[in-house]
Student: 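One structure, as structure tokens, below. Some questions next.
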Amino acid sequence: MIAGGRHGTLGRVELSSVVAAESFVEPKSRYLADLMGRGVQGTADAVVLPSTVDEVAAVMRWCYEHEVPLTARGGGTGLAGGAIPVSGGVVIGFERLNKVRQFDPLLWRIHVEAGVTTGDVQRLARENGLRFPPDPGAAEISQIGGNIACNAGGPHAFKYGVTGHWVTGIEAVIPPGEIVRVGGPLRKDVAGYDLKSLLVGSEGTLGLVTAAWLRLVPAPELELPVIGLYRDADAGVSAIERVLASGVVPAAIEYLDAVTLRFAGDAYPFDLPDDAAFMIITEADGAASEARRVANELQEALAEDAVAVHAPDQPSDVADLWRWRAGAAFAILAQRGGAYSEDIAVPLDRLRDVARETLEIGERHNVVALSFGHAGDGNIHSTFLFSPDDHDEEQRADAACHDLFELALRLGGTVSGEHGVGWLKRGQLEHQLGPAGYDLHTRIKRTFDPKNLLNPGKKR
Ligand SMILES: Cc1cc2nc3c(=O)[nH]c(=O)nc-3n(C[C@H](O)[C@H](O)[C@H](O)COP(=O)(O)OP(=O)(O)OC[C@H]3O[C@@H](n4cnc5c(N)ncnc54)[C@H](O)[C@@H]3O)c2cc1C
């Protein structure tokens, strides 16, 4: 499989001397692109799917010795093109490294290999009265290793935090092929530098995550969404500010703007008044009495200036609501066939500016613009639409994204609140961190990966 590729002179025979022959797959297209990678297609000399940590280490040792790039791949659901092998070399997939090594429900913890899907961890937790709170939208395909590598969030990150918050230990293979274990089934560990947190969110550029200890929590007894609908974004953002000022802690605070509602509203499982131009979804959770108390307070905070407030309380309605929310991205994509959907995050007091300026950026570049996202975290999916057949429109949508990144930095925010920098946002990090910060970032990369072979070209 190596033969014929950019590093072809080394021959498949050499790599297959360190991993079992059945661990190779042909470099099929599904390992060379990702779900939303804007059509970017990488190349690979070999695709390897190891089933043991020792095999992962052997592959890395081989790549390091022969100076061959190595790109980690989880479920390929990343939204920044991080798993695309843009420098050729070897793609290492984790789908066969998918064992649950230990599950201690009574101690609220689980030890899983990197290739276990997010959905499987969530299900296993749920079946045992527990919850794994990170809920990125493609949970049935994304893997725990990918969630850790991107430090993925989701709607409920507002109350529960992002993936890193739930990782207490990581096993990883780092260059030139060493297995390291940091943390473990521990709730506290301050002994060394926080290497675990360095690996979390490192997008496959510092090490390959092979397994993790995850923290779980008892599942809430009741989940009660409360939805507020408003005539415009100003009234909606004021309602979000009232929710925060009320002092209650919702599990989620999401929003969808007028254009998003226009595209996704038809499938909304409840009544959507004609004059609704901004939606806020909050959720109260916890013990039944506590969830009801919080839901009442949320209703009060959301009611002022609202066109309508409603609070579904049947479990099937709650599931329908979140299914619809998760599907909104696809309804948006369907409008013109292409959408650049970013994930900037800004301080909460700048939410109003982002909602407004996203539309202004769209107007400036003559593309349809909209925004929705995790309002409580100031993490916004500003989105610009294009038709894949219209190259000029696609270029304008791309230019709009660049204006958006500038906006995020001008407002004191970040170019990425959850998807990472990957390949698609390359070049943005230096603007955000400044020269000294970026130099420190680069030196950390060099310390882990002196030959720059791990996912080269990404997170920069
Ligand atoms: C419909 C949809 C909704 C989404 N919603 C959300 C959301 O709400 N919140 C959110 O944060 N994200 C969301 N995402 C993005 C994506 O699902 C997450 O970033 C997810 O964590 C990626 O996991 P993956 O296994 O698919 O990783 P991949 O896409 O395969 O890889 C992502 C990055 O991680 C690296 N990587 C993968 N596995 C490993 C490993 N074992 N060791 C080291 N590096 C590795 C890759 O090299 C790459 O840089 C969504 C995506 C889709 C398609």
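We count ligands from 1, going down the list as the structure has it; atoms in each ligand are counted the same way.
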Student: Return a yes/no value for Pro155: is any of its N or O atoms, backbone included, closer than 3.5 angstrom to an N or O of ligand 1?
Tutor: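 No, there is no polar N/O contact under 3.5 Å.
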Student: For the pair Asp403 (side chain) and Ile361 (backbone), establish whether a donor and an acceptor sit closer than 3.5 Å, ignoring hydrogens and angles.
Tutor: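 A pair under 3.5 Å: no.
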Student: Return yes when Ala329 approaches ligand 1 closer than 4.0 angstrom through a heavy atom, no otherwise.
Tutor: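 No; Ala329 lies far enough from ligand 1 that no heavy-atom distance drops under 4.0 Å.
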Student: Looking at ligand 1, does any of its N/O atoms fall within less than 3.5 Å of an N/O of Ala152?
Tutor: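 For ligand 1, there is no N or O atom that lies under 3.5 Å from one belonging to Ala152.
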Student: Going through the distances and angles, do Asp194 and Ser197 end up as a side chain to side chain donor-acceptor pair (under 3.5 Å)?
Tutor: CA-CA 6 Å; Asp194 196 349; Ser197 295; 2.8 Å; yes
Student: Indicate yes or no: does an N/O atom of Asp135 lie under 3.5 Å from an N/O atom of ligand 1?
Tutor: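 No; every N/O pair is 3.5 Å or more apart.
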Student: I'd like to know if the side chain of Lys451 reaches the main chain of Tyr64, judged simply by a donor and an acceptor atom lying under 3.5 Å from each other, with no hydrogens or angles considered.
Tutor: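 Confirmed, Lys451 side chain pairs with Tyr64 backbone.
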Student: At under 4.0 Å between heavy atoms, which part of Cys150 makes contact with ligand 1: side chain, backbone, both or neither?
Tutor: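 Only the side chain of Cys150 comes within reach of ligand 1.
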Student: Is Glu223 salt-bridged to Arg131, going by a charged N under 4.0 Å from an acidic O?
Tutor: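 Yes.
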Student: Quick one: do Lys196 and Asp189 satisfy salt bridge (charged side-chain N to carboxylate O under 4.0 Å, His left out)? Show the steps, please.
Tutor: CA-CA 10 Å; Lys196 171 172 62 69; Asp189 173 13; over 6 Å; no
Student: Any nitrogen or oxygen of Leu208, side chain or backbone, less than 3.5 Å from one on ligand 1?
Tutor: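 N/O-N/O distance below 3.5 Å does not exist for this pair.
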Student: With a 4.5 Å cut-off on side-chain heavy atoms, are Val19 and Trp62 touching?
Tutor: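 Trp62 does not reach Val19 side chain to side chain.
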Student: What atoms in ligand 1 come closer than 4.0 Å to a heavy atom of Ala149?
Tutor: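 By the 4.0 Å cutoff, the relevant atoms are 34 (O), 35 (C), 36 (N), 44 (N), 45 (C).
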Student: Answer with side chain, backbone, both or neither: which part of Ala114 has a heavy atom less than 4.0 angstrom from an atom of ligand 1?
Tutor: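 Looking at Ala114 and ligand 1, just side chain atoms fall under 4.0 Å.
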Student: For Thr71 and ligand 1, does the shortest N/O to N/O distance drop below 3.5 Å?
Tutor: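 Between Thr71 and ligand 1, no N or O pair is found under 3.5 Å apart.
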Student: Answer yes or no: is there a donor N or O on one side and an acceptor on the other, between the side chain of Asp45 and the main chain of Gly89, under 3.5 Å?
Tutor: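 Side chain of Asp45 to backbone of Gly89, a donor-acceptor pair under 3.5 Å: yes, one is there.
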Student: Start with the C-alpha distance between Glu203 and Lys459, add both sets of side-chain angles, then the distance that settles salt bridge (charged side-chain N to carboxylate O under 4.0 Å, His left out), and finish with yes or no.
Tutor: CA-CA 7 Å; Glu203 299 183 42; Lys459 206 161 183 77; 2.8 Å; yes
Student: Counting N and O atoms only, with roles assigned by atom type, does the side chain of Thr383 sit under 3.5 Å from a partner on the main chain of His381, one being a donor and the other an acceptor?
Tutor: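 Between the backbone of His381 and the side chain of Thr383 there is a qualifying donor-acceptor contact (under 3.5 Å).
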Student: Less than 3.5 Å between some nitrogen or oxygen of Gly82 and one of ligand 1, yes or no?
Tutor: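 So ligand 1 has an N or O lying under 3.5 Å from an N or O of Gly82.
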Student: Hey, does Gly422 sit under 4.0 Å from ligand 1 if you only count heavy atoms?
Tutor: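 Checking ligand 1 against Gly422, which is what was asked, there is no heavy-atom contact under 4.0 Å.
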Student: Keeping Tyr31 on the side-chain end and Glu26 on the backbone end, is there a donor-acceptor pair under 3.5 Å?
Tutor: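 Looks like no, no N/O pair under 3.5 Å.
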Student: So, regarding Thr77 and ligand 1 (criterion: nitrogen or oxygen to nitrogen or oxygen, under 3.5 Å), is there a contact or not?
Tutor: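 The answer is yes, given that Thr77 and ligand 1 share an N or O pair closer than 3.5 Å.
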Student: Does ligand 1 come near enough to Gln143 that some N or O of the ligand is less than 3.5 Å from an N or O of the residue?
Tutor: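 Yes: some nitrogen or oxygen of Gln143 is under 3.5 Å from one in ligand 1.
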Student: Lys458: heavy atom below 4.0 Å from ligand 1, yes or no?
Tutor: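 So Lys458 does not count as touching ligand 1.
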Student: With a cut-off of 4.0 Å, which atoms of ligand 1 are near a heavy atom of Gly207?
Tutor: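 Counting from 1, the qualifying ligand atoms are 43 (C).
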Student: Against heavy atoms of Asn147, which atoms of ligand 1 measure under 4.0 Å?
Tutor: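 Listed by number with element, the hits are 20 (C), 21 (O), 23 (O).
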Student: When you measure from the side chain of Glu283 to the backbone N and O of Ala252, does any donor-acceptor pair fall under 3.5 Å?
Tutor: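 Checking the backbone N and O of Ala252 against the side chain of Glu283, no donor-acceptor pair under 3.5 Å is found.
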Student: Is Arg123 paired with Glu140 through a side-chain N to carboxylate O contact shorter than 4.0 Å?
Tutor: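 Arg123 and Glu140: salt-bridged.
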Student: Are any of the N/O atoms in Ser142 less than 3.5 Å from those in ligand 1?
Tutor: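 Min N/O separation from ligand 1 is not below 3.5 Å for Ser142.
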Student: Heavy-atom distances under 4.0 Å decide this one: backbone, side chain, both or neither, for Asn455 against ligand 1?
Tutor: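 Looking at Asn455 and ligand 1, just side chain atoms fall under 4.0 Å.
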Student: Evaluating non-hydrogen atoms only, which member of Gly201, Gly146, Ala138, Gly74 is closest to atom 30 (O) of ligand 1?
Tutor: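 The option holding the nearest heavy atom is Gly74.
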Student: Using modelled atom types and a 3.5 Å cut-off, is there a donor and acceptor pairing between side-chain atoms of Thr282 and backbone atoms of Val226?
Tutor: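 Looks like yes, one N/O pair under 3.5 Å.
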Student: Just which atoms of ligand 1 are under 4.0 Å from any heavy atom in Gly137?
Tutor: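 By the 4.0 Å cutoff, the relevant atoms are 3 (C), 4 (C), 5 (N), 6 (C), 7 (C), 8 (O).
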Student: Does an N or O anywhere in Gly78 fall below 3.5 Å from an N or O of ligand 1?
Tutor: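 Min N/O separation from ligand 1 is below 3.5 Å for Gly78.
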Student: What atoms of ligand 1 come closer than 4.0 angstrom to any heavy atom of Phe330?
Tutor: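 In order of number, 1 (C).
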Student: Is the closest basic N to carboxylate O distance between Glu95 and Arg30 below 4.0 Å?
Tutor: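 Salt bridge present between Glu95 and Arg30.
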Student: Out of Ser202, Gly75, Gly204, indicate the one that has the non-hydrogen atom closest to atom 25 (O) of ligand 1.
Tutor: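 It is Gly75 whose heavy atom sits nearest to atom 25 (O) of ligand 1.
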